[in-house]
Each structure stands twice: as structure tokens, then as C-alpha cells.
Amino acid sequence: MFKRISAMVLAGLTAMSLAACGDAGSGGSGGSGGSGGSGGGDAITMGFAQVGAESGWRTANTKSVQDAAKSAGVTLKFSDAQQKQENQIKAIRSYIQQRVDVIAFSPVVESGWDTVLKEAKDANIPVILTDRAVDSADTSLYKTFLGSDFVEEGRKAGQWLVEEYQDGSETVNIVELQGTTGSAPANDRKAGFQEIIQADPKFKIIASQTGDFTRAKGKEVMEAFLKAHPDIDVLYAHNDDMGLGAIEAIEGAGKVPGQDIKIITVDAVRDGMQALADGKINFIVECSPLLGPQLMDLAKKVVAGQQVPARVVTEETTFTQEQAKQVLSTRQY
């Protein structure tokens with residue numbers, strides 16, 4: 001597969017039209033299409049196993065990968081795992097059988113990847129982790145991990161909360177909507193948040209449950225929180241979509257989101273930013289889904305046998321209500 005590299009590098013980047021955002025079955029083609037095997041001509045073929053389409057963030061992430069693949073002249077084979085690890089493993093094995101040049105995927109959960117990653121390594125197919133990490137002790141099973149620092153995101157959320165209540169001494173009752181159980185962002189955003197707030201005993205997490213990163217589940221769990229705990233002061237949601245679902249539940253209970261219950265979320269997708277600008281969310285920690293261009297650059301380098309950093313962290317910020325108002329019109333997702 002390395003015989004095509006020189007010709008590929010000389011070919012450079014090709015500007016192409018935007019890919020349609022959609023999900024294909026496991027092993028099916030999406031984005032720039034392509035037939036089975038390693039694609040025609042000198043183009044790199046990438047097998048990309050996506051988590052699913054559980055949120056606005058994930059939809060934007062998928063589109064970024066598909067668009068960037070077309071622009072870079074990379075043949076993309078795309079699969080939607082529908083948030084099931086077994087589907088991702090099946091897709092990765094399909095990509096190995098098709099002898100793609102590189103495999104990229106965003107792991108549904110952190111554990112349980114060593115066997116399939118070793119199969120890719122034995123087949124001399126490099127693997128790139130995107131958005132989420134794995135907990136394998138053998139870091140030689142993948143070339144690099146491109147994504148956010150989820151622990152730092154949790155810290156940023158906690159720091160805003162500490163500053164918001166720095167002049168008070170009364171107990172602050174917090175409920176937490178976690179992401180998918182066992183996933184890197186859920187584990188790390190929880191850990192980073194707790195690291196910051198645990199220094200002050202007035203902050204109490206009185207309930208914490210997964211909302212699976214979805215709006216519907218966020219609403220369902222928040223409804224249960226509100227029935228069990230009438231004295232909630234703060235909601236910390238691991239993504240915007242769960243926070244938006246929770247807002248529906250809060251309003252349905254006759255409370256005012258952003259006032260009666262302060263809300264902190266992570267992602268900064270357009271719907272979340274609109275809710276922030278409207279005052280229904282109080283603070284958002286950004287987690288950019290636009291990883292496509294960086295992913296294609298890393299893919300070309302690893303296929304060419306070049307050294308790449310073991311960890312590539314995306315640059316991100318945070319938003320208050322006023323900041324959201326200023327940038328909302330220019331948001332790309």
C-alpha cells in the first residue's frame with residue numbers, strides 16, 4: 001500500500017464539493033465513495049467508523065470528516081455504529097479485509113479494543129483515534145489520538161461554577177447528566193469537574209446519571225431528577241443536546257432554566273449557543289467537532305510512514321451569554 005505514496009503527495013489537495021451528511025451501513029461507502037479494496041488510482045482509502053448520529057455535535061463531526069476527505073482527495077468508507085461497540089468492531093474488521101490504507105474511528109467506549117486493533121496492526125494498517133481515546137496499555141496499536149482534552153473541559157466547567165458561587169456559603173445542589181457510560185468524554189468530563197469543585201464542601205452532586213448524549217434521554221433523566229430533588233440549583237450536562245433536553249423538562253416543571261436552575265454544558269453547537277444567548281444556558285465549554293482537516297493531514301502522514309505526535313489536542317474556548325451573542329452568527333455548526 002505504500003507504493004502509491006509518492007504519487008499521492010505530488011497530487012496535492014483537490015477542491016471538491018461538499019459531501020452530503022448521511023449515514024451508511026457498516027463497511028459501506030460514504031463521503032467520497034469508492035469501491036471495495038483500497039480504491040482506484042493513487043488516492044488514499046480511509047475506513048472511518050463513526051460512533052453514530054446521537055447529537056448535533058456528532059452530525060457536524062461526520063460532515064467535517066466527509067467534506068475534508070473530498071477536499072483532500074481521500075476515498076472514504078464510512079460506517080455508523082449507532083452507538084454500539086460491536087458495530088464498530090465489525091466495521092473495522094471489514095476495513096481490514098478490504099485492505100484500506102488507514103483506519104480512523106471514534107470509540108464508543110474506552111475499553112475492549114485491543115484484539116481488533118492488533119488485527120489492524122498485524123495487517124500493517126495504521127489506526128488513528130479521533131475525538132475519543134481508548135484505555136489500551138499498548139499504545140503501539142494506534143498511531144495518534146486527535147481530539148479534545150475532556151478532563152480540561154470538565155475543569156473549565158467546574159471553574160466557572162466556583163467563580164459563580166464564590167461569594168456564597170450555602171450548599172449548592174448539583175445534578176449531572178453524564179455522557180454514554182464508559183466513554184472517554186463521560187469519564188473525563190466528570191473527573192475534571194469533580195477535581196475542581198471538591199475543594200469546596202458547599203458543592204454537592206446530589207444526582208448523576210447517564211443521558212447517553214441525546215436530547216430525548218437528557219429530558220427523560222432531568223424529569224426524574226426534578227421529581228426526586230425539588231432543590232436543584234445547578235445542572236452540569238456533558239453535552240449541549242442533553243442540556244437542551246433538560247431545559248424542556250425544567251420548563252415543563254414550571255421553572256426557569258438559567259435562573260431557577262443554572263445550566264453548564266459542553267460542546268457549543270448552534271442550538272446550544274442559541275440557548276446560551278437566550279439565557280437558558282449559563283455557560284458552555286467548547287468542544288469542536290471540526291476535526292476533518294486535521295484528520296486527513298494526519299492520515300497522509302501516517303500512510304507515508306512519517307512520525308506524528310502521539311497526541312494532537314484541538315484548540316477550544318468557553319462562552320458566556322454575551323460571548324455567545326457575539327459569535328452565534330458565524331458558527332459553522
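- A salt bridge is absent between K202 and E170; no separation between the charged side-chain nitrogens and carboxylate oxygens falls under 4.0 Å.
- No donor-acceptor pair under 3.5 Å is formed between the side chain of S106 and the backbone N or O of D131.
- You'll find the side chain of F48 stays beyond 4.5 Å of the side chain of S79, heavy atoms only.
- Heavy-atom minimum distance, T210 versus G179: OG1-O, 2.9 Å.
- Distance alone, capped at 3.5 Å, places no donor-acceptor pair between the E110 side chain and the V134 backbone.
- Using a 4.5 Å cut-off on side-chain heavy atoms (C-beta onward), R270 and Y333 make no contact.
- For Q82 (side chain) and G52 (main-chain N/O), no donor-acceptor pair under 3.5 Å exists by modelled atom type.
- Proximity of the aromatic rings of F319 and W160 is defined here by a centroid distance below 6.0 angstrom, and this criterion is not met.
- Of the N and O atoms on the side chains of T320 and Q323, at least one donor lies less than 3.5 Å from an acceptor on the other residue.
- Salt bridge annotation for K156-E153: absent, with no cationic side-chain nitrogen under 4.0 angstrom from a carboxylate oxygen.
- Remark: side-chain polar atoms of D260 are paired, donor with acceptor, to backbone N or O of V256 under 3.5 angstrom.
- With respect to E195 and R155, a salt bridge is recorded, a charged nitrogen being found less than 4.0 Å from a carboxylate O.
- Panel note: side chain T180, backbone S183; no donor-acceptor pair is recorded below 3.5 Å.
- Side-chain contact check for Y142 versus W113: every heavy-atom pair is 4.5 Å or farther apart.
- Between the side chains of T115 and E119, no donor-acceptor pair is found at a separation under 3.5 Å.
- No donor-acceptor pair under 3.5 Å is formed between the side chain of R331 and the backbone N or O of M273.
- Screening K300, Q294, K301 for a side chain to side chain donor-acceptor pair (under 3.5 Å) with D297, the sole residue that qualifies is K301.
- Put simply, the side chain of H229 does not reach to within 4.5 Å of the side chain of L226, judged on heavy atoms.
- Under the 4.5 Å side-chain criterion, counting only non-hydrogen atoms from C-beta, L295 is in contact with M46.
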Quick one: do L177 and V221 satisfy side-chain contact (heavy atoms from CB on, under 4.5 Å)? Show the steps, please.
CA-CA 8 Å; L177 283 169; V221 176; 3.5 Å; yes
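- Checked by atom type and distance alone, the side chain of Q88 pairs as donor or acceptor with a backbone atom of A49 at under 3.5 Å.
- Using a distance-only test at 3.5 Å, with no hydrogens or angles considered, no donor-acceptor pair links the side chain of T265 to the main chain of N239.
- With hydrogens and angles left out, the side-chain atoms of T314 and E316 include a donor and acceptor closer than 3.5 Å.
- The number of heavy atoms from other shown groups lying within 6.0 Å of NZ (K84) does not exceed 12.
- At distances below 3.5 Å, at least one donor-acceptor pair connects side-chain atoms of S288 with backbone N or O atoms of L290.
- Under the salt bridge (Lys or Arg N to Asp or Glu O under 4.0 Å) criterion, K204 pairs with no residue, sequence neighbours left out.
- S140 and K121 share a donor-acceptor pair across their side chains, judged by distance under 3.5 Å alone.
- Remark: of the listed residues Q194, Q209, K190, K190 is the sole one forming a side chain to side chain donor-acceptor pair (under 3.5 Å) with E176.
- Under the 4.5 Å side-chain criterion, counting only non-hydrogen atoms from C-beta, I250 is in contact with I263.
- Taking the six-membered ring for Trp, F193 and Y236 have ring centres closer than 6.0 Å.
- Judged by the 6.0 Å distance and 45° axis criteria, R93 is not positioned over the aromatic ring of Y95.
- The side chain to side chain donor-acceptor pair (under 3.5 Å) with Q50 is formed by just one residue from the set N87, T130, T62; it is T62.
- In summary, D138 and K118 do not engage in a salt bridge, as defined by a charged side-chain N under 4.0 Å from a carboxylate O.
- I174 pairs in a side chain to side chain contact (heavy atoms under 4.5 Å, CB included) with only one of the listed residues (D233, L235, L161), which is L161.
- Under the 4.5 Å side-chain heavy-atom criterion for grouping Ile, Leu, Val, Met, Phe, Trp and Tyr, I284 is not connected to I196 through any hydrophobic cluster.
- A salt bridge does not link K217 with D241: none of the charged nitrogens is closer than 4.0 Å to a carboxylate oxygen.
- V127 has its side chain out of reach of L141: every pair of non-hydrogen atoms, C-beta onward, lies at least 4.5 Å apart.
- In terms of modelled atom types and a separation under 3.5 Å, the side chain of R189 and the main chain of V266 share no donor-acceptor contact.
- Both I281 and L328 sit in one connected hydrophobic cluster of ILVMFWY residues. Membership requires side-chain heavy atoms under 4.5 Å apart, directly or through other members.
- The residues K280 and E248 are annotated as not salt-bridged, no charged nitrogen and carboxylate oxygen being separated by less than 4.0 angstrom.
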